[in-house]
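Comments concern the structure below.
Letters go in sequence order (proteins before strands), and every chain restarts at 1. Remember, it's a predicted structure, so these values are computed and weren't measured experimentally.
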Number of protein chains: 2
Amino acid sequence: MSTIGIVGGGQLGRMLTLAAVPLGFQVVVLDPTPNCPAAQVGAKQIEGSLRSKQALQELGKRADYITFEIEHLDTSALEAIGNKPIRPSLKTVRLIQDKFGQKEFLQKNGVKIARFKKTDTIEQAKKELANFGQIFLKTRHDAYDGRGNFSVKNIPQLEEAWKQLAGRRLYVEETIDFASELSIIVARDIRGSIKTYPLTETVHQRSICLETLTPARVEDTVRQRAEKLAVKTAETLEGAGVFGIEMFLDKNGEVLINEIAPRVHNSGHYTIETCSTSQFEQHIRAITGLPLGHTGLTSPSAVMINILGERNGSTHIKGLDKALRHPQTSVHLYGKSPTKIDRKMGHITATGKTLVQARRRARSARKEITI
Amino acid sequence: MSTIGIVGGGQLGRMLTLAAVPLGFQVVVLDPTPNCPAAQVGAKQIEGSLRSKQALQELGKRADYITFEIEHLDTSALEAIGNKPIRPSLKTVRLIQDKFGQKEFLQKNGVKIARFKKTDTIEQAKKELANFGQIFLKTRHDAYDGRGNFSVKNIPQLEEAWKQLAGRRLYVEETIDFASELSIIVARDIRGSIKTYPLTETVHQRSICLETLTPARVEDTVRQRAEKLAVKTAETLEGAGVFGIEMFLDKNGEVLINEIAPRVHNSGHYTIETCSTSQFEQHIRAITGLPLGHTGLTSPSAVMINILGERNGSTHIKGLDKALRHPQTSVHLYGKSPTKIDRKMGHITATGKTLVQARRRARSARKEITI
């Protein structure tokens, strides 16, 4: 029996574990929180910091394959894992965790992205603000779910953001006046063959993924363009596994890459209900050398809504009974406590004949739940 | 956070646990085997006999709702559980675990079944053999997967079977020359509303479920008759939960009830892949007072094949990589060791546009696996 080691045991590690065990794998996760979400579904847990060389070394000893649920890792500490395969790859993690470097790399490989510029001084940033009209001021490292990103429209906002991010390595990025945000989950097996899941529309609020709609409401030409771009992007990256490819559709119908996650992704949670092989099983298959599964939809439409924490305190879930009254609606809770404002506590997926129907179900169900 | 207690932590307890945890429940199982299949996916385990009053008492203390994955239980020991709700119900378990009493009850309630007769002496059995032509000699209690059942065509077979079952309470049942065996998974919530899953065809080998085909290949009139009969049968039984209703279709197009399981059932495993709410989630919803979920199919066809042990010894799974090459094919392993001949070690579900396609996939995948 082979063992999969996962760096991080949050909701993604939990859903990876739920997919791995029925395939006959054991799972061990490294996570600092006692009884982390993945441990609650049968993963063995090494309690420790994701940056602890000793803990990573232990993970490397106990596992046959290593993967991770987060890319903000200390890659030099990860080398303590030893000669076990780390998938997708350390090189890809290094590339992706430096968001500026990622963009330079994509640009070099001919992948369409928004314009961007390194800014070591506020004077440079001011120049780019004037140039682009509206920008994001971003940290090169450790930014996710909007943390480390500031939307900047004018000089006072820039000065405030600059102060907040003092001491970090920064860059600016043109703000795309997008028609919609899109995502594609791409999987690659160890032989290099690639499969894509359907194009998904994502809706963000305060830079956190709030809702996904599958299939995305775009024309066929846009869909084809997006799929081609996602595959091209994945091909530039090394390693077997699942990638979340986030894109912008601008108002001219152009598709640009926004960001890449070298892991299972929030925008692919809908695949649990609506694909023969979910993104989680797909990732397990990919990193262990198994063949990739089918990625087609089994329902015409699926809408996923994140259940974000609404207050700070210990978790009390209410309204599950009412939420489950809505047909074709599944609730996934992550077993986290405490709850915090905007913390990802669970998600809801509803399917339907149309996106309108699925969205109505998912939103109605979401309204019933307090957490 | 509520806790569900399950008497038994085998594959059914495991799949119940996998469905319960994402809904925010904790699970505790009673099972004698250390690190039983359910414990491997996050259930807490009380190691002990299913008949141990002390262990059942502890289960009752730790859980808010009690259910079971097997009906062959010591119902007087189960009373040690105390005042926690046991679902579906102890009365239903008592009724079902006496197969003869079950048949008397169904007959009394006007549910169509095969002819049967209590036999206290071999002379009585001989008379019924002459009367019915071919019979099953069955124990009233503790019979499942063909254990405790003998197909009898002549006097020497009867004498041998009588010897094997010496000391047990027995009855005989007419052998139905069936066109096919059918099954419907029925769910009832605590308010009494009932939902049925699609009609499924089951194929048995040596009295063990080998394969299921959904939807069953029968005419619409037969389907409607079977659904009506399954609902009628469920209505005669007390309690909230999922029931597996096994039926015969005879060569005149009549549908007869064969057996009832007051629990999730092997013939409903296909629902994991092809229904918005699987039988496992449905049972969890039903016993905890949540509303029932949708039971429609998301794929036109599904075929499930059990992975039965092929030898006796410690478990070594081979061929998973080849099995997963078949599209729309999922493998579920139960984490059991040792393997034994005909032990249920896992199952495969394949979906497809047609039953022929799904069956080809499932059978091809099954052939790749040795266990």
If you count heavy-atom pairs under 4.5 Å between each of B:Pro327, B:Gly24, B:Pro22 and chain A, which one has the most? B:Pro22

By a 4.5 Å heavy-atom criterion (distance strictly below it), what part of B:Thr277 contacts chain A: side chain, backbone, both, or neither? neither

Taking every heavy-atom pair that is under 4.5 Å apart, which of B:Val41, B:Thr349, B:Asp321 has the most such pairs with chain A? B:Val41

Against chain B, label A:Thr295 side chain, backbone, both or neither, depending on which of its atoms sit under 4.5 Å from a heavy atom there. neither

Scanning both residues in full, the closest heavy-atom pair of B:Ser276 with A:Thr329 reads OG-N, 4.2 Å

Can you tell which of A:Val331, A:Leu18, A:Leu324, A:Leu290 has the highest number of heavy-atom pairs within less than 4.5 Å of chain B? A:Leu324

Residue selection (most heavy-atom pairs with chain B, distance under 4.5 Å) from A:Arg325, A:His326, A:Arg285: A:Arg285

Mark yes when over 12 heavy atoms from residues, nucleotides or ligands other than B:Lys84 sit less than 6.0 Å from its NZ; otherwise mark no. yes

Test A:Thr351 against B:His294 for side-chain contact (heavy atoms from CB on, under 4.5 Å), laying out the working first. CA-CA 11 Å; A:Thr351 57; B:His294 190 66; over 6 Å; no

Rounded to the nearest 0.5 Å, what separates atom CD in B:Glu273 from atom SG in A:Cys275? 12.5 Å

Proximity breakdown for B:Ile317 and chain A, heavy-atom pairs closer than 4.5 Å: neither

Apply salt bridge (charged side-chain N to carboxylate O under 4.0 Å, His left out) to A:Arg188 and list each qualifying residue two or more places apart in sequence or on a separate chain. none

Please report the interatomic distance CE(B:Met1) to OG(A:Ser337), rounded to the nearest 0.5 Å. 8.5 Å

